[in-house]
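Scroll down for the structure; my scribbles are underneath it.
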Amino acid sequence: MSADLETFYEVIRRQGITRRSFTKFCSLTAASLGLGAGAATEMAQALETKPRVPVIWMHGLECTCCSESFIRSAHPLVKDVILSMISLDYDDTIMAAAGHQAEAILQETREKYKGKYILAVEGNPPLNEGGMFCIDGGRPFVEKLKEMAEDAFAVIAWGACASWGCVQAAKPNPTQATPIDKVIKNKPIIKVPGCPPIAEVMTGVVTYVTTFGKLPELDRQGRPKMFYSQRIHDKCYRRPHFDAGQFVEEWDDEGAKKGHCLYKMGCKGPTTYNACSTVRWNGGVSFPIQSGHGCIGCSEEGFWDKGSFYDRLTGINVFGIEANADKVGATVAGVVAAGVAAHAAVTAVKRIVKKPENVG
Amino acid sequence: MGEADAASGPAAAAVSATIERLFRAIADGPMRDLPIAHPGLRVETVGFRIDDGRAVGIVVTPWCLNLVFAAVPGGPPLPLAPVGATVVHALGDGAYEAVVGDLAGFGRLDAVSLFSPMDVFADADSARATAEAALEAIFAADPVPQPEPPARPSALDRRALLFGRRAAPGGEAPCP
């Protein structure tokens, strides 16, 4: 097998990583992806036999928090795994190459791995003034993005910037910062929103795509269902206090000390789809609500334009259709009336049930 | 409106009634007029029954629709865990991750969130119908209890082996 077609397993063995660590990584990743025990073996086999997948990681208008999150993934192998596994051919933040040499890598990967590489995009392109607000390698970023997307196998939109626009697209959006799915129309795009996304979610998505050679199951908004099918609120450890009507009313009141629900302090957990309350952050240590602050809803579309982080969620369905109770009726899209109750129930049960083989 | 599966008897009915009374007080108290509470819905408990020694049912409120688990007097306790922890409860042919709660006036109540907020529901009847359908879906694939496999007659026991016989007295014929 030539050096070009090295498998991930060969690479990590060469780096001195034991087989034991490798299998542990496979089972941990399979578990984090919500896959059964069989998937770990399948994953190990794929990583041992398939050539590793080249990834091009481009940066548009962004703050690099996605990269920061990614390289701090909790599992000790991840930095080796991901960085070697995915054969990160181009990432202008962490690669050694610079200038013309770096640009040459882009073109080389594009030609050599046509239709096989993954394009990971952090940040988004500004379209105003012909894209002049983000110049990369002497050209508007949007041009480079479209060019590289043309020959990619799939595109990953990292973070709120690439997925929804984030702060640079907040009103009045002077640069016309635009989410990448408005620019790349002909490739499948996996949105991994969050500001930044959780490290384990990022590595999980990359591992899934590179290992199984296909996209994970996505929801209607293009997010991987395995990480974005539940709201922060659904599995929040403060949820029993919400259910019992026990709220923090002031930042230093008795409720705050007792860890009551932060809904009245502006927590956006009830409307935010992400895995923070289950996967948590910094190796599963904590997440914003556990640190005493409400969720700011950073993985939801347009979260900068939804009012203050401390405004209480008002009106129901804040991020969707604004409606007060008088207007809520079966005519509003997504509303469960008696006729569709069974369907809604089955969908909800499917979301919460864990099949015995997945029970850890 | 509290109801319990008739077959499950008074224990489930008692849990159902207490939970409904307490959540109704929450609805009239701290949850009253909060924008996250759906004014068109009401508190009710649906389909409480005893399963594997625990009370299981659904609580519908204007702010959440939860599958709940509670211990019953004389039954086994729920797995030991602090409030806010996640525990896995087996039910039907699946398992459910519930958050451990402590409902004032009742005690330990583990809840799995099916819906919250409740803005997706048109009215109380559809919320109730959804709760009933959810319970049906959860218990639908409940496996029929398998009869204990008949004990296989031992062809070889230790005593027989040590004494050079193939099987215990009354078993198969000894080795030729």
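- A:Arg231 contributes no side-chain N or O that, together with a main-chain N or O of B:Phe115, makes up a donor-acceptor pair within less than 3.5 Å.
- Scanning residues 96-106 of chain B against chain A with a 4.5 Å non-hydrogen threshold yields B:Tyr96, B:Glu97, B:Val99, B:Val100, B:Gly101, B:Leu103, sorted by number.
- Chain B forms the most heavy-atom pairs under 4.5 Å with one residue out of A:Arg351, A:Arg238, A:Gln246, and that residue is A:Arg351.
- Looking at residues two or more places apart in sequence or on another chain, you find a side-chain hydrogen bond (donor to acceptor under 3.5 Å, both in side chains) between B:Asn66 and A:Arg239, A:Asp243.
- Looking at every heavy atom in both residues, B:Ala137 comes nearest to A:Val346 through CB-CG2, 4.1 Å.
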> Could you walk me through whether A:Arg312 and B:Ile36 pass the side chain to side chain contact (heavy atoms under 4.5 Å, CB included) check?
Replying inline: CA-CA 9 Å; A:Arg312 194 177 302 175; B:Ile36 203 146; over 6 Å; no
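- Both the backbone and the side chain of B:Ser116 have a heavy atom closer than 4.5 Å to some heavy atom of chain A.
- The minimum heavy-atom distance between B:Ala133 and A:Ala341, with the atom names listed, is CB-O, 4.3 Å.
- B:Ser113 approaches A:Ile352 most closely through the heavy-atom pair O-CG2, 3.5 Å.
- Of the two parts of A:Lys350, neither the backbone nor the side chain holds a non-hydrogen atom closer than 4.5 Å to a non-hydrogen atom of chain B.
- Only the side chain of B:Ile26 has a heavy atom closer than 4.5 Å to any heavy atom of chain A.
- Using a 4.5 Å cut-off between heavy atoms, A:Phe242 contacts chain B through both its backbone and its side chain.
- Taking each heavy atom of A:Gly245 and B:Pro30 in turn, the nearest pair found is O-CB, 3.2 Å.
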